[in-house]
Amino acid sequence: MVKSGAALLLAAHGSSSQPEGAITVLRHAETIRNRNLFAEVHAAFLRQPPELDKSLNQIKASEIYVVPLFASPGHMARTAVPRALGPDDRVRYCDALGTHASIPRIIGGQIERASEQAHLKAAETDVVLVGHG
């Protein structure tokens, strides 16, 4: 789905004490930007620059898809991000990324690769995945 006249905004938590944690989100935004799927691609955070509450002022597009980068549709995705964004008719708010139907398959593949690299036997290994968001 190419949205040539629209913007994509990746909304994440961020950290005031460990700002280097934002690197992954910023790289993800850059990767999407390089694919030319949207007129603009931005990333913004609740707890560090670039700040989510100021992000919409930077976006020129008339339609903005906001994707909360959280594992579940918890408080951050349902309340904190929309509150920080405030009312804006351009915003098309998406479900939290972790709720996408492909996530279990993607995680399963990552776990399988990690197990192989660590020389673990699947029959003898349990994985607990905890989503926080």
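Throughout, numbering of the chain's residues begins at 1 and tracks the sequence.
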request  = Locate the shortest heavy-atom distance separating L26 from A43; write the atom from each residue and the value.
outcome  = CD2-CB, 3.9 Å

Crowding at CG, N34 (>12 non-hydrogen neighbours, <6.0 Å) = yes

request  = Flag the pair Y65 / Y93 as yes when at least one side-chain heavy-atom distance between them is below 4.5 Å, and no otherwise.
outcome  = no

remark   = When rounded to the nearest 0.5 Å, the distance separating OG of S72 from CE of M76 is 10.5 Å

inquiry  = Less than 4.5 Å apart, side chain to side chain, heavy atoms only: is that true for L10 and I32?
reply    = yes

Spatial distance of atom CZ (F70) from atom CZ (R78) [nearest 0.5 Å] = 12.0 Å

query = What's the shortest heavy-atom distance between A80 and L46, and which atoms?
reply = O-CD2, 3.8 Å

query = In this structure, are over 12 heavy atoms from other groups packed under 6.0 Å from R27 atom CZ?
reply = no

request  = Evaluate side chain to side chain donor-acceptor pair (under 3.5 Å) for H28 paired with E30, printing each intermediate quantity in order.
outcome  = CA-CA 5 Å; H28 192 53; E30 183 178 345; over 6 Å; no

query = Atom CZ of R113 and atom CD of Q117: how far apart are they, to the nearest 0.5 Å?
reply = 8.5 Å

request  = Work out which heavy atom in A22 is nearest to a heavy atom in F45; give both atom names and the distance.
outcome  = CB-CZ, 3.4 Å

task = Say whether, by atom type as modelled, one donor and one acceptor occur between the side chain of R92 and the main chain of I64 under 3.5 angstrom.
result = no

Enumerate, atom names and distances included, each donor-acceptor pair closer than 3.5 Å involving a side-chain atom of residues 47-62, sequence neighbours excluded.
unit_1, atom_1, unit_2, atom_2, d
Q48, OE1, S15, N, 2.7
Q48, NE2, P19, O, 3.1
S55, OG, L52, O, 2.7

